[in-house]
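Here the structure is laid out as structure tokens; the discussion comes afterwards.
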Amino acid sequence: MMSEIPRGFENVKEEDHRMADSELVRIGLIAELDAISLYEQLAAHAKDSLVKKVFLDIAREEKEHVGEFLELLKRLDPEQIDALEHGANEVREMEG
Ligand SMILES: [Fe+2]
């Protein structure tokens with residue numbers, strides 16, 4: 001269910017790694033999307049209404065984090081902007 005940071009990444013010396021910021025941001029995006037799913041699943045299983053409420057509130061916060069990373073990704077990878085719009089248009093076309 002949960003994504004993992006690429007194996008061995010934590011041991012890579014800063015001067016040695018060649019991972020672009022756009023790649024780092026994509027990893028962040030994956031983590032936030034996973035977090036949303038996790039908190040929503042935990043909320044669904046919570047018996048206590050306050051626990052459920054807090055999980056759902058945190059899930060909403062994670063959605064904002066997705067927005068932050070998405071904004072960064074669009075700045076770091078301008079091709080992503082067109083790809084997002086193209087994907088959205090494809091869905092609209094399939095919708096009829
Ligand atoms: Fe987050």
Side-chain angles (χ1 to χ4, degrees):
M1 178 178 79
M2 298 293 289
S3 297
E4 293 179 12
I5 289 176
R7 204 171 302 280
F9 179 77
E10 66 278 2
N11 297 324
V12 176
K13 292 183 198 145
E14 191 171 337
E15 64 270 21
D16 290 340
H17 78 74
R18 299 288 181 265
M19 191 169 268
D21 284 352
S22 58
E23 293 176 89
L24 299 174
V25 168
R26 287 190 193 101
I27 291 170
L29 254 176
I30 291 167
E32 297 300 343
L33 291 169
D34 272 344
I36 293 166
S37 294
L38 173 64
Y39 290 129
E40 289 186 347
Q41 288 173 42
L42 293 173
H45 285 87
K47 293 173 186 67
D48 184 279
S49 64
L50 180 59
V51 172
K52 182 185 290 279
K53 187 176 180 179
V54 170
F55 276 135
L56 290 174
D57 184 60
I58 293 172
R60 278 189 291 273
E61 291 175 14
E62 303 302 354
K63 291 178 183 179
E64 289 185 21
H65 298 166
V66 168
E68 290 177 66
F69 281 134
L70 202 49
E71 179 59 26
L72 282 178
L73 186 58
K74 288 194 284 188
R75 293 175 187 209
L76 293 167
D77 178 8
E79 186 180 293
Q80 186 66 68
I81 297 170
D82 289 340
L84 283 167
E85 188 56 34
H86 186 78
N89 285 337
E90 283 193 16
V91 170
R92 287 186 203 107
E93 286 170 18
M94 284 186 240
E95 195 176 33

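Numbers here are sequence positions counted from 1. Whatever order the structure lists ligands and atoms in, that order sets their numbers, starting from 1.
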When every non-hydrogen atom of I36 is compared with those of A59, the smallest separation belongs to CG1-O, 3.9 Å

For N/O/S atoms only: which one belongs to [X] and is nearest the Fe ion (ligand 1)?
X   : result
E32 : OE1
H65 : ND1
E62 : OE1

Side-chain donor-acceptor contact under 3.5 Å, Q41 with H45: no

Contact check, side chains of D21 and L24, non-hydrogen atoms, under 4.5 Å: yes

Any carboxylate oxygen within less than 4.0 angstrom of a Lys/Arg side-chain nitrogen, looking at E71 and R75? yes

